[in-house]
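Bear in mind that the values here come from a model prediction, so they are computed numbers and not experimental data.
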Amino acid sequence: MMTMTQSLVAQANVVDSLRTELSGKEGKSRIEALSALAFALMYTAPDEAEELAGEAIEIADNIDFEEGKILSWMIQSVVYMNRSELPMAGEKLRMAAKLAEEVGDMDNLALAKLNQGALLMRQGKYAEALANHIEGVKAAIECRNSDLQATHLMNIGVVNLYLEDFDEAEKYLLEALTVAEEYNRLGRQGQIYGNLGIVEFRRHNYGLSIQNHEKGLKVFNELEIIAQSANSLLNIGLAHAKMGNVDKANDYYDQAVALNEQLNHELSIGRVMRYKGELFKDAQQYEKAIELLNQAMGVAQKYKNIKLVSEIYFLQYECFEKLGNSIKALAFHKSYVLTKDSLALMSNQKAISDLKAQYEFDRLTSENLVQRQSNEIKDLRLRQRNLLIAALIILILVLVVTFYWDRLQLRTKLKFGEKDQQLLIKESEIKDEKLATYESRLQEKELAELTKAISLKELIGILETGNVRGKDWAAFKIHFDATYPTFLAALEQRSAELSLSEHRLAALLKMRLNNKEISSILGISPDSVVKAKTRLKYKLKLTSIKALESYLSEL
């Protein structure tokens, strides 16, 4: 009891500390603080967690910090899953995974794929769940996150367990165990041992099942994870029950009850009492079995757990039938049939509800897509109209300039015809002077146009039509300096050792281009882009690629 109390106090202290840290923070720091607090509250105060995550997303939108949305979306997905709002949870996870992949955040990509796999398993979509966990393993290996790697491998084993492919399940669970042991992930080892125990139980290898659950129990006891310890004790009891070891099974059941009493988990206690009742029924101690089943029934009805109620009704029916009390046996059998039908109805209603929710979600998504497309078409038409107007204005100006130029030329020719050779030479000099002045003004105008600040989209357009590695770099640099006047100077001040190619790379990163776009512009491979970013990171004395991108974005 003391361990549980200490754990709750520690959790409360963490939440209080996070609330204190939130005060006075702004921008990216506030996003990180909001996400941390939401993460701590997503199970104990889900409504507040959803609200905090929403605030973090709003701030990220306002300061154009896309990466700040990823964790908040995943937190919201967990809240939605706990509310059984599965379509919304799935959409948030898809958004998080897509953005994490775009920005190269492999840690969050692996985490998003883990949650997606869990959601798909819950929906019974095992093939899709496997695909997500396999992608998650790759992401976890890339970012060297051993815990996520082991968890993905474990879940692949669990999916195969659901599919009753026990050999495949064991293979992946053992691979997960190897990773967890190599990196000393004790908690994950305990979970893997538990799943291996379930695999052997389903194979009817009850002795091996007990051995695996005992290994898991040892880990959970060492880490003082009481709920997991209670679950391991229950599974060991179930295996002993299958082997006919009534006393051992009952002893493990009692230990599980004691731990659940510490946690005040009444429903878990009710489930254990149900198994104790079944144990004594199989041992033909029907009166004792009925007493235990009645205790379990009280808990099941209190928490309105229809599935558990149905199981207890059937066991009570069997007990009274063995005792020869046909009236009570019939009554319990009728109750069992009614609850079984109720379960089937609830299952159908849930399936219908899920379909309706999915349909409504898809409908809203389609409407939003249509609206976005409509807005894009309106914007395109507006841009086309503006371009046409601009083209007409330019054409008119050209015609006017041409007309006056022709008139000037004609007047000059007439003057040449009336004046002598000396005046012709003088007029020629005047003309040359005027032409030089005009050219000078025209060059000044062109230079002003070149040095005018332009949009990021226009900068990218210049990159796509020019050669940033050749002579067009100078022209691009003029536009870039006009748009970001202090960037290259500040970069040079940070490190005077940067090469011309590193200046180019820094400019492209400032424009928030991804690796694929940069490789296309520079004419190098994406791997070379990653290596170049790493060298630039070291020269700027930064700790990570993410820190490099953040520093250049804010410079």
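Without hydrogens or angle criteria, Thr20 side chain to Asp16 main chain gives a donor-acceptor distance under 3.5 Å. Checking side-chain atoms of Arg188 against main-chain N and O of Ala180 turns up no donor-acceptor pair under 3.5 Å. Not a single donor-acceptor pair under 3.5 Å links the side chain of Ser520 to the backbone N or O of Lys516. Under the 3.5 Å distance criterion, the side-chain polar atoms of Lys533 are left unmatched by any main-chain donor or acceptor of Asn515. Distance alone, capped at 3.5 Å, places no donor-acceptor pair between the Ser550 side chain and the Lys546 backbone. No donor-acceptor distance shorter than 3.5 angstrom exists from the side chain of Glu224 to the backbone of Asn221, with no hydrogens or angles considered. The backbone N or O of Ser499 lies less than 3.5 Å from a partner atom in the side chain of Glu502, making a donor-acceptor pair. The backbone N or O of Phe166 lies less than 3.5 Å from no partner atom in the side chain of Arg202, so there is not a single donor-acceptor pair. Checking side-chain atoms of Asn132 against main-chain N and O of Glu128 turns up a donor-acceptor pair under 3.5 Å. A donor-acceptor pair under 3.5 Å is absent between the side-chain atoms of Ser553 and the main chain of Glu549, judged by distance alone.
Listed by chain and residue number, Tyr126 satisfy the ring pair (Phe, Tyr, Trp, His ring centres under 6.0 Å) test with Tyr162 (two or more places apart in sequence, or in another chain). Taking Asp105 as the reference, Asn108 meet the side chain to side chain donor-acceptor pair (under 3.5 Å) condition, with sequence neighbours excluded. Under the side chain to side chain donor-acceptor pair (under 3.5 Å) criterion, Lys537 pairs with no residue at all, not counting sequence neighbours. Evaluation of the ring pair (Phe, Tyr, Trp, His ring centres under 6.0 Å) rule for Phe487 yields Phe480 as partners, not counting sequence neighbours. Every residue two or more places apart in sequence or in another chain was checked for a side chain to side chain donor-acceptor pair (under 3.5 Å) with Asn62, and none qualifies. With sequence neighbours left out, the ring pair (Phe, Tyr, Trp, His ring centres under 6.0 Å) criterion links His213 to no other residue.
For Arg19 and Glu48, the salt-bridge test passes: some basic side-chain N is under 4.0 Å from an acidic carboxylate O. For Glu554 and Lys28, the salt-bridge test passes: some basic side-chain N is under 4.0 Å from an acidic carboxylate O. A salt bridge links Lys171 to Glu168: one of the charged nitrogens lies within less than 4.0 Å of a carboxylate oxygen. Ion pairing between a basic and an acidic side chain is recognised when a charged N comes within 4.0 Å of a carboxylate O; Glu101 and Lys98 show no such pairing. Ion pair Glu50/Arg83 flagged as a salt bridge, since at least one NZ, NE, NH1 or NH2 atom sits closer than 4.0 Å to an Asp/Glu carboxylate oxygen. Salt bridge absent: Glu497 and Lys539 never bring a charged side-chain N and a carboxylate O closer than 4.0 Å. Salt bridge Lys531/Asp527: absent, no basic N to carboxylate O contact under 4.0 Å.
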(request) Mind running side chain to side chain contact (heavy atoms under 4.5 Å, CB included) on Met81 and Leu119 for me, showing each step along the way? (result) CA-CA 8 Å; Met81 275 194 280; Leu119 175 61; 3.8 Å; yes
(request) Test side chain to side chain donor-acceptor pair (under 3.5 Å) on Glu492 and His503 and set out the steps. (result) CA-CA 9 Å; Glu492 185 69 19; His503 276 92; 2.9 Å; yes
(request) Show your reasoning for whether salt bridge (charged side-chain N to carboxylate O under 4.0 Å, His left out) applies to Arg94 and Glu91. (result) CA-CA 5 Å; Arg94 279 190 292 273; Glu91 179 62 16; 3.1 Å; yes
(message) The test is side chain to side chain contact (heavy atoms under 4.5 Å, CB included); show your working for Ile63 and Ile31 and say whether it passes.
(response) CA-CA 10 Å; Ile63 66 173; Ile31 291 172; 3.9 Å; yes
(request) Walk me through it: do Asp147 and Tyr183 pass the test side chain to side chain contact (heavy atoms under 4.5 Å, CB included)? (result) CA-CA 8 Å; Asp147 190 50; Tyr183 294 96; over 6 Å; no
(request) Show your working on side chain to side chain contact (heavy atoms under 4.5 Å, CB included) between Met121 and Val159 and close with a plain yes or no. (result) CA-CA 7 Å; Met121 277 194 282; Val159 172; 3.2 Å; yes
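For Lys25 against Ala33, the heavy-atom pair with the smallest separation is CD-CB, 3.8 Å. Nearest heavy-atom pair, Arg30 versus Leu22, reported as atom, atom and distance to 0.1 Å: NH1-O, 3.1 Å. Of all the heavy atoms in Met106 and Cys143, the pair that sits closest is CB-CB, 3.5 Å. Of all heavy-atom pairs spanning Leu548 and Leu542, the tightest one is CA-CD1, 3.5 Å. Pairing each heavy atom of Val79 with each of Ala49, the nearest pair is CG2-CB, 4.4 Å. The shortest non-hydrogen separation linking Leu52 to Ala38 is CB-CB, 3.9 Å.
Here OG of Ser72 is found 10.5 Å from CD of Glu32. Values are rounded to the nearest 0.5 Å. Here CD of Gln116 is found 5.5 Å from CG of Leu93. Values are rounded to the nearest 0.5 Å. Residue Glu51 holds its CD atom at 11.0 Å from CG of Leu41, rounded to the nearest 0.5 Å. Note that CD of Gln228 and CD1 of Ile226 are 11.5 Å apart. Values are rounded to the nearest 0.5 Å. Rounding to the nearest 0.5 angstrom, the gap separating the CD atom in Glu170 from the CG atom in Leu174 is 5.0 Å. Separating the CG atom in Leu161 from the CD1 atom in Ile156 is a distance of 14.0 Å, to the nearest 0.5 Å.
Other residues, nucleotides and ligands contribute at most 12 non-hydrogen atoms within 6.0 Å of the CD atom of Glu58. Other residues, nucleotides and ligands place no more than 12 heavy atoms under 6.0 Å from the CD atom of Glu142.
Annotation: side chain of Tyr193 is in contact with side chain of Leu177 (closest heavy-atom distance under 4.5 Å). By the 4.5 Å heavy-atom criterion applied to side chains, Leu120 and Leu130 are not counted as neighbours. The shortest distance between side-chain heavy atoms of Leu509 and Ile518 falls below 4.5 Å. Inter-residue side-chain proximity for Asp107 and Leu111 is flagged as unmet; no heavy-atom pair is nearer than 4.5 Å. Counting heavy atoms from C-beta on, the side chains of Leu34 and Ile59 come closer than 4.5 Å. Glu67 places none of its side-chain heavy atoms less than 4.5 Å from the side chain of Leu99.
Of the listed residues (Leu153, Asn195, Ile198, Val199), just one forms a side-chain contact (heavy atoms from CB on, under 4.5 Å) with Val158, and that residue is Asn195.
Annotation: cation-pi pair Arg494/Tyr551 present, NZ/CZ under 6.0 Å from the ring centroid and within 45° of its normal.
No donor-acceptor contact under 3.5 angstrom links the side chains of Asn115 and Ser77, judged on distance only. With 3.5 Å as the limit, one finds a donor-acceptor pair spanning the side chains of Ser528 and Ser525.
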